[in-house]
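Remarks on the structure that follows.
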Amino acid sequence: MPDSIVTAYEESDVLDPRTDAVRPSVPPVIKPVDLGSVHVETPVVLSPMAGVTNWPFRVICESYGPDGLYVAEMITARALVARNPKALRLCHFAPSEKIRSLQLYGVNPAIVEQAAKIVIDENMADHVDLNFGCPVPKVTRRGGGSALPWKTDLFREIIQRVVKVCDAANVPVTAKIRVGIDHEHETFLEAGHIAQEEGCRAVTLHARTTAEYYGGHSDWSRIGELVEALDIPVFGNGDIWGANDALAMVAETGCAGVAIGRGCQGRPWLFADIKNAFAGCDKRVDPTLGDVCRVVERHAELLTEFYDGDEQMAVHDLRKHIAWYLKGFPVGGSTRRAFMECENLEDVRTEIGKLDPDTRFPERVVDKPRGRVRFAKKVHLPYGWLESRETTHDERQALFGDDPMDASY
Ligand SMILES: Cc1cc2nc3c(=O)[nH]c(=O)nc-3n(C[C@H](O)[C@H](O)[C@H](O)COP(=O)(O)O)c2cc1C
């Protein structure tokens, strides 16, 4: 099926970085949020990130942070229904995790419902989030992720079916959305209303469009609009790089909670900073390279557990994290390469042993953008996707074939 290209953007770095957020003069109050039967004492959320928020990383973030939500990376409904071992591994939670938050992704309502049924029947989670925010071409070209809310019938049906299954077990369902496909095709207000009508307990808004991908800014004013429009809690998302950003987002938008993605990559202690900030305390974590290396080592050990003792898989998974952990530190290219060539825990420990533990955390990367920061080159959608807001019979037939996300497992 040919792709339709709705908008073309040049790849570019962050064009206009948000100036450092200033702590609001009156610190905003963030109140506990009840998602149905699930009490979230401090609605600070580790935003789901594919390839990042498996339980080892969640456990590390939660060890620093408040009693919030630490969400697992998206699990493809079809892969779960097929009992794909890699998908099943992603459904694991550590005993220390207080609220087991799992995110499902899918396009076919019947398959997403089946996946939710597995989650419920096998008591896999305490909270289910639905992914309607992914901008990745292989997802949107099949009508998934952030392309999906455009088709209001499909969006409604997925939520309806999942809520029905989860409600029976008192498991709350939430939805994660973007502003829309682009600014000519915004969906967030309608999607928020549908989510609310169909029983979602909260909505998270990443205030970018699909076309914006990870470039430019998350436009927090849109979060404020959604807060005004809905009765259910809205969690704001996008561009929280430091604790002051979290305070500023709540102050500016009135959102009930904040979701943090890239800002904690290689900086899981950001959750401690945010916890302190919402408690009205100015204390911030200022780790040395030695402190960071202890986190790296712990991360490597937990990943080894995650991969059932397979150290090689663990240290390969760790590579991207190491790049983030070392970001900005005066560590040479050969050392970075040596970390990338580690094949077991001992190799990682050896490389750690070569670093100067007293090196201070580099000022220039504190609370600054990290991870993906680019615009999309173009938005890929199924052929004729934007012509109507509802799916035709033929469109459904075409959409519900093989799901490309299966390939990622
Ligand atoms: C590497 C990566 C993987 C992501 N995977 C997911 C995912 O599985 N599910 C999802 O809803 N969002 C995913 N996101 C989006 C984040 O949850 C978040 O909405 C986005 O990064 C904006 O927040 P931030 O500015 O705090 O990073 C991912 C983002 C990144 C950078």
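Numbering of ligands and ligand atoms starts at 1, following listing order.
In terms of polar-atom proximity, defined here as any N/O pair under 3.5 Å, I240 makes no such contact with ligand 1. Close N/O approach between W241 and ligand 1 is not found [any backbone or side-chain N/O within under 3.5 Å]. Between G261 and ligand 1, an N or O atom pair is found at a separation short of 3.5 Å. At under 3.5 Å, not a single nitrogen or oxygen of R372, backbone or side chain, sits near a nitrogen or oxygen of ligand 1. Checked by distance only, ligand 1 and Q265 stay at 3.5 Å or farther apart across all their nitrogen or oxygen atoms. Looking at A259 next to ligand 1, no N or O pair under 3.5 Å apart turns up.
The closest protein non-hydrogen atom to atom 3 (C) of ligand 1 is A50 N, 3.3 Å. Residue, atom and distance of the protein heavy atom nearest to atom 7 (C) of ligand 1 are P48 O, 3.4 Å. Of the protein's non-hydrogen atoms, the one nearest atom 9 (N) of ligand 1 is Q103 OE1, 2.7 Å. Of the protein's non-hydrogen atoms, N237 ND2, 3.0 Å is the one closest to atom 23 (O) of ligand 1. In this structure, atom 21 (O) of ligand 1 lies nearest to the protein heavy atom Y214 CE2, 3.4 Å. The nearest protein atom to atom 31 (C) of ligand 1, hydrogens excluded, is given as R262 CG, 3.6 Å; this is a heavy-atom distance.
Summarising the local packing, NZ of K320 is surrounded by more than 12 heavy atoms from other residues, nucleotides or ligands at distances under 6.0 Å.
Using a 4.0 Å cut-off to heavy atoms of S47, the atoms of ligand 1 that qualify are 16 (C), 17 (O), 18 (C), 19 (O). Residue D239 approaches ligand 1 through these ligand atoms, each under 4.0 Å from one of its heavy atoms: 24 (P), 25 (O), 26 (O).
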Distance-only check: which donor-acceptor pairs under 3.5 Å involve side-chain atoms of residues 222-233, not counting sequence neighbours?
from : atom 1 : to   : atom 2 : distance (Å)
R222 : NE     : E225 : OE2    : 2.8
R222 : NH1    : E186 : OE2    : 2.9
R222 : NH2    : E186 : OE1    : 2.7

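Salt-bridge formation is detected for the pair R294/D291: a Lys NZ or Arg NE/NH1/NH2 atom is positioned less than 4.0 Å from an Asp or Glu carboxylate oxygen. Taking the charged nitrogens against the carboxylate oxygens, K283 and D273 have no contact shorter than 4.0 Å, which rules out a salt bridge.
Ligand 1 lies within reach of G238, whose nearest heavy atom is under 4.0 Å from it.
Of the candidates M74, E73, K176, H206, K176 brings a heavy atom nearest to atom 12 (N) of ligand 1.
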**OP:** Using the side-chain contact (heavy atoms from CB on, under 4.5 Å) rule, take Q196 and V203 through it: C-alpha gap first, then chi angles, then the decisive distance, then the call.
**Re:** CA-CA 8 Å; Q196 176 170 286; V203 173; over 6 Å; no
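Counting heavy atoms closer than 4.0 Å to ligand 1, residue N131 contributes side-chain atoms (C-beta onward) but none from N, CA, C or O.
At least one donor-acceptor pair closer than 3.5 Å links the side chain of R58 to the backbone N or O of T53.
Between the side chains of T209 and H183, not a single donor N or O lies within less than 3.5 Å of an accepting N or O. In summary, the side chains of R89 and N84 do not present any donor paired with an acceptor at a separation below 3.5 Å, with no hydrogens or angles considered. Residues E41 and H39 have side chains that bring a donor and an acceptor to within less than 3.5 angstrom of each other.
Counting all heavy atoms, side chain and backbone alike, G192 lies closest to I177 at N-CD1, 4.4 Å.
Ring geometry for H321 against Y325 counts as tilted: the plane angle lies between 30° and 60°, on a 0 to 90° scale.
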